[in-house]
Protein chains: 2
Amino acid sequence: MTEDGAAQPGLSRETIAQAALRVLEREGIDGLSMRKVGAEVGVQAASLYWHVRNKEQLLDLLTDALMADAVPPPRTGHWRDQLRAYCELHRQYLLGKRDAAKVAAGRLAPGPHILRLMEDQLGRLREAGFSAADAALTSHLLGVYVQGFVLQEQAPLSATEAMGAGRRAAATAVGDQFRALPEAEFPHLVALAGDLTEPTMDDRFAFGLERLLDGLAALLEPPTDPTEDRNSTHE
Amino acid sequence: MTEDGAAQPGLSRETIAQAALRVLEREGIDGLSMRKVGAEVGVQAASLYWHVRNKEQLLDLLTDALMADAVPPPRTGHWRDQLRAYCELHRQYLLGKRDAAKVAAGRLAPGPHILRLMEDQLGRLREAGFSAADAALTSHLLGVYVQGFVLQEQAPLSATEAMGAGRRAAATAVGDQFRALPEAEFPHLVALAGDLTEPTMDDRFAFGLERLLDGLAALLEPPTDPTEDRNSTHE
DNA sequence: ACCTGAACACCGTTCAAGT
DNA sequence: ACCTGAACACCGTTCAAGT
């Protein structure tokens with residue numbers, strides 16, 4: 001029951017993915033080399049190429065391993081709450097591992113762990129009443145949103161800064177930068193400098209998520225409904 | 001009027017960014033090295049470090065240069081149509097340059113060209129009636145969506161394949177892969193295999209965009225409105 | 001079947017030195 | 001002020017050869 005009947009040679013793809021995960025945690029994505037992963041698992045870099053076509057494939061495995069211990073939210077309550085919990089969990093898992101979003105960026109990588117989560121999420125969408133086509137599109141959409149969001153969240157603000165300053169400090173610096181723009185040419189950037197730079201990442205994530213959920217809800221109910229007390233991240 | 005009064009030394013950041021853009025187009029992101037950019041501009045790689053802190057900063061400049069000749073959609077019609085056109089244009093510009101999404105991935109990079117587009121977009125959002133806070137959050141949200149989407153769109157399907165097969169062929173291969181899963185454990189993945197793999201990227205992009213726009217519309221109108229004939233990507 | 005040694009063709013970055 | 005030469009410490013990948 002170990003993939004395909006062969007005796008495990010002490011060095012499986014699974015083992016390699018776990019080793020890569022440890023190297024990532026320790027050294028970040030820039031320190032994640034074939035040589036270091038090899039060393040982590042007690043082998044030369046060249047040996048890895050027996051188990052894996054190239055580094056890209058190793059990163060695919062690593063991406064799946066990132067979700068290895070993700071546990072879906074409880075299957076109770078409104079579909080909207082379940083979906084929200086799903087996205088928040090996904091975000092938290094990515095944020096929890098160093099540079100995870102950069103590793104996963106633009107990777108479909110349907111490994112066993114990700115398939116398990118997809119299956120579970122599709123089931124909830126179907127139960128909520130989404131058509132097969134809409135459930136599939138929605139699953140993809142939510143994945144794109146969370147991955148795209150966290151990618152920006154984990155990246156240093158404007159990449160130039162943030163090699164010195166703190167998190168919030170960089171944001172206010174960008175705000176001042178906006179405010180210092182020529183007002184004739186950039187009236188809105190000047191006026192909205194605070195609105196653009198002050199919201200926390202939590203705020204931003206919630207905002208996008210609620211808009212998305214609103215849009216999905218509209219898909220479900222033919223546009224007539226009196227119960228309209230959805231929570232709105234609005235001031 | 002050239003940045004800051006100094007005589008241009010024949011080698012400006014602008015020149016470097018343009019050269020980087022040409023190298024990117026020719027060799028892709030994996031071939032985009034400091035040495036090659038230097039060669040493109042007729043100089044040693046080391047010389048670039050006089051104008052640029054490091055490769056990250058060069059990529060920031062390149063990201064802004066990617067949007068250099070983007071022209072905003074006409075400022076007429078419903079805000080919803082304008083915003084949709086904006087996102088579609090953004091996507092097209094990213095798709096138009098080789099590996100553009102990978103370069104821009106997770107980069108805020110508020111250079112002059114991107115600032116110009118932000119300013120324009122914020123103006124439209126304010127005109128549409130969005131609050132300052134909502135306009136700012138919406139601008140960020142749309143950026144995340146488009147960038148996250150195209151990133152996945154430009155990445156090879158599952159990264160392992162797509163080094164040989166064609167676009168649509170890889171998709172159906174993944175579909176068959178889903179269908180071959182143990183049905184007891186993955187009933188929905190098996191059942192929705194077609195729905196998950198058949199939609200084109202255009203379909204997927206439109207689906208997410210319309211959901212987003214629906215959610216944003218709900219923000220604008222206090223939930224009572226009879227005119228409800230929005231276009232829906234639904235079958 | 002699996003791993004090593006050694007090599008190939010590169011990298012980003014630094015830094016003295018030139019002009 | 002701007003650029004070069006040369007070096008440092010690495011890379012991913014291949015491939016004969018070992019066991």
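Everything numeric here is computed off the predicted structure, so don't read it as measured data. Reckoned from all heavy atoms, side chains included, excluding hydrogens, waters and symmetry mates. Chain letters run A, B, ... following the sequence lines, proteins first, then strands; residues in each count from 1.
- With A:Phe205 as the aromatic partner, A:Arg91 meets the cation-pi criteria of under 6.0 angstrom to the ring centre and within 45 degrees of the ring axis.
- Between D:dC11 and C:dC8, the two C1' atoms lie 12 Å apart (nearest whole Å).
- The nearest pair of heavy atoms linking B:Ile114 to B:Ala109 is CD1-O, 3.4 Å.
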message = Pair B:Arg84, B:Glu210 - check salt bridge (charged side-chain N to carboxylate O under 4.0 Å, His left out), show working.
response = CA-CA 8 Å; B:Arg84 177 173 28 236; B:Glu210 296 309 322; 2.6 Å; yes
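- One finds no side-chain N or O of B:Lys55 lying less than 4.0 angstrom from the OP1 or OP2 phosphate oxygen of C:dC11.
- Around atom CD of B:Glu25, more than 12 heavy atoms belonging to other residues, nucleotides or ligands sit under 6.0 Å away.
- The shortest side-chain heavy-atom distance between B:Glu27 and B:Ser33 does not fall under the 4.5 Å cut-off.
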message = Pairs counted only when both distances fall under 3.5 Å, Watson-Crick or G-U: show me the 5' to 3' dot-bracket for DNA chain D, [ ] for pseudoknotted crossings and | for other-strand partners.
response = ||.|||||...|||||.||
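- With A:Tyr86 as the aromatic partner, A:Arg124 does not meet the cation-pi criteria of under 6.0 angstrom to the ring centre and within 45 degrees of the ring axis.
- Listed for the B:Arg98 side chain is a donor-acceptor partner under 3.5 Å among the backbone atoms of B:Arg26.
- A heavy atom lying under 4.0 Å from DNA chain C marks the following residues of residues 42-50 of chain A, by number: A:Val43, A:Gln44, A:Ala46, A:Ser47, A:Trp50.
- To the nearest whole angstrom, the two C1' atoms, one in C:dA16 and one in D:dC3, are 13 Å apart.
- Counting only N and O atoms by type, the side chains of B:Gln147 and B:Arg107 include no donor and acceptor under 3.5 Å apart.
- Looking at B:Thr63 and B:Asp60, their side chains never bring a donor and an acceptor atom within 3.5 Å of each other.
- A:Thr15 places no side-chain N or O within donor-acceptor distance of the main-chain N or O of A:Leu11, the cut-off being under 3.5 Å.
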When you compare the protein's N or O atoms with those of nucleotides 16-19 of chain C, which come within less than 3.5 Å of each other, and at what distance?
none

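- Taking side-chain N and O atoms only, B:His51 has no distance below 4.0 Å to OP1 or OP2 of D:dA1.
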